[in-house]
Amino acid sequence: MTEKIGVVGAGIVGLAVARELARTRGAEVTVLEKESHVGAHQTGHNSGVVHAGIYYPPGSLKARLCREGVALLKEYCAAHALPYDEVGKLVVAGNQAERPLLSALAERARANGVPGIAELDALALREIEPHAVGVGAIHSPYTAICDFPAVARRLALDVAEMGGSVRLSHPVRAIRERSGKVEVVAAKRKFAFDRLVVCGGLGTDKVAEMAGYPGDVRIVPFRGEFYALRGEAKDLVSGLIYPVPDPRYPFLGVHLTRQIDGRVLVGPNAVLALAYEGYQWRNIRDFGQILSWPGTLRMAMAHWRTGIKEAYGSFVKKAFLNGARRYVPELTAADLVRAPGGVRAQAVARDGRLLDDFVVDVHGNIVLVRNAPSPAATSSLAIARHIAGIVPAPVR
């Protein structure tokens with residue numbers, strides 16, 4: 001009898017998992033998605049960067065899956081004629097105090113097997129990005145950009161071609177385990193699966209609670225806001241220009257990112273959203289639920305100074321401009337126009353810690369992806385292989 005597996009969430013991770021389970025286990029896979037199209041949230045609201053693996057602690061799941069994921073994604077894009085462009089990245093030290101952090105980052109990148117890493121002085125970095133300034137930089141020449149929504153759409157086609165289905169506008173309303181099956185009510189239909197994999201992103205907590213496994217971490221949404229460069233200002237940036245990240249946070253700071261369609265984004269900042277899909281300040285729908293998690297308040301108390309600084313950038317354009325001009329001083333306020341932002345599903349522990357690595361729980365026949373932060377899109381095909389190895393095998 002063919003194994004039946006349900007996957008909740010048609011973001012790039014959920015679709016990659018569904019494809020992998022159909023491909024390697026011959027399972028009949030059904031993807032349940034509450035929105036009317038795939039990749040509606042984090043997949044469709046990011047800067048499109050294919051991360052090379054510079055930042056992540058060597059030996060971590062994040063580091064391993066990122067490096068594996070880059071190779072798989074590049075191959076997949078080539079096989080399906082999807083856009084993929086190795087524009088390269090500079091991580092720039094703006095002052096001498098950042099030089100030791102830059103050198104440590106270069107060593108970390110080499111330990112992770114990132115190819116082509118070079119440490120540059122102030123003159124050499126301008127050979128890569130003529131309009132950029134800094135006291136030094138790391139150059140990652142194979143860091144790429146791609147179209148993640150297009151990848152998600154292709155993955156959905158793969159699932160269908162392998163005999164599975166992607167059911168859009170099917171929000172999950174109830175989950176029950178009975179007689180060795182996982183019963184799921186989605187929209188107005190009932191499904192019975194042998195296994196269920198939850199890749200719910202921003203909706204992970206809600207689905208986990210339905211399954212009876214609320215867990216010891218919760219998703220706290222962070223909104224990232226962007227500006228875009230207009231007109232000839234786009235020509236001031238050739239590839240990707242990033243600051244040296246603050247090691248206390250999983251966020252990378254305001255950076256300049258050329259996208260696959262030729263736009264150049266400036267951002268994002270990282271501010272606490274007041275709703276799980278809080279793309280606008282006025283959306284406060286989930287504020288009570290977010291605040292009710294003890295880790296939210298503990299996190300806010302530990303990092304309130306940074307929170308105020310990030311929120312200031314949401315309201316004052318000059319704050320974004322100053323962040324960008326630190327690396328490309330020719331930019332002016334007139335060069336920046338508002339661009340659509342996104343919301344990041346960040347897992348926070350009860351003690352207020354921001355969880356940086358991937359977190360996957362297994363409860364019998366239910367697998368819950370608790371935390372799949374950046375570089376989840378980059379790593380999606382490798383994450384899928386990892387999760388496929390975790391999903392309990394059928395009893396023969």
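Not measured: the values here are computed from a predicted model. In what follows, every heavy atom counts, from backbone to side chain, and hydrogens, waters and symmetry copies are set aside. Residues: numbered from 1 along the sequence shown.
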Is atom [atom1] of [X] surrounded by more than 12 heavy atoms (other residues, nucleotides or ligands) closer than 6.0 Å?
X	atom1	result
Ile284	CD1	no
Lys317	NZ	yes
Glu75	CD	no

If you measure from the Lys or Arg side-chain nitrogens to the Asp or Glu carboxylate oxygens, is any gap between [X] and [Y] under 4.0 Å?
X	Y	result
Arg110	Glu119	yes
Arg230	Asp335	no
Glu33	Arg167	no
Glu161	Arg19	no

Search all heavy atoms of [X] against all heavy atoms of [Y] and return the closest pair with its distance.
X	Y	result
Val50	Tyr84	CG1-OH, 3.8 Å
Lys62	Pro375	CE-CD, 3.5 Å
Ala93	Val244	CA-CG2, 3.9 Å
Tyr56	Ser60	CB-OG, 4.1 Å

Original post:
Measuring from Leu61:CG to Cys66:SG, what's the distance to the nearest 0.5 Å?
Top reply: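 These two atoms lie 11.0 Å from each other.
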
Original post:
At what distance, to the nearest 0.5 angstrom, does OG of Ser374 lie from CZ of Arg344?
Top reply: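 Reported to 0.5 Å precision, the distance equals 6.0 Å.
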
Original post:
Linking I/L/V/M/F/W/Y whenever any side-chain heavy atoms sit under 4.5 Å apart, do Met210 and Ile219 land together?
Top reply: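 No, because Met210 and Ile219 fall into different hydrophobic clusters, even though each may have its own neighbours under 4.5 Å.
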
Subject >> Under 3.5 Å side-chain donor-acceptor pair for His41 and Tyr279 >> reply: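 Checked: His41/Tyr279 side chains pair up, N/O donor to acceptor below 3.5 Å.
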
**OP:** Would you check if there is a donor-acceptor pair between the side chains of Tyr76 and Asp158 at a distance under 3.5 Å?
**Re:**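 Side chains of Asp158 and Tyr76: pair found under 3.5 Å.
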
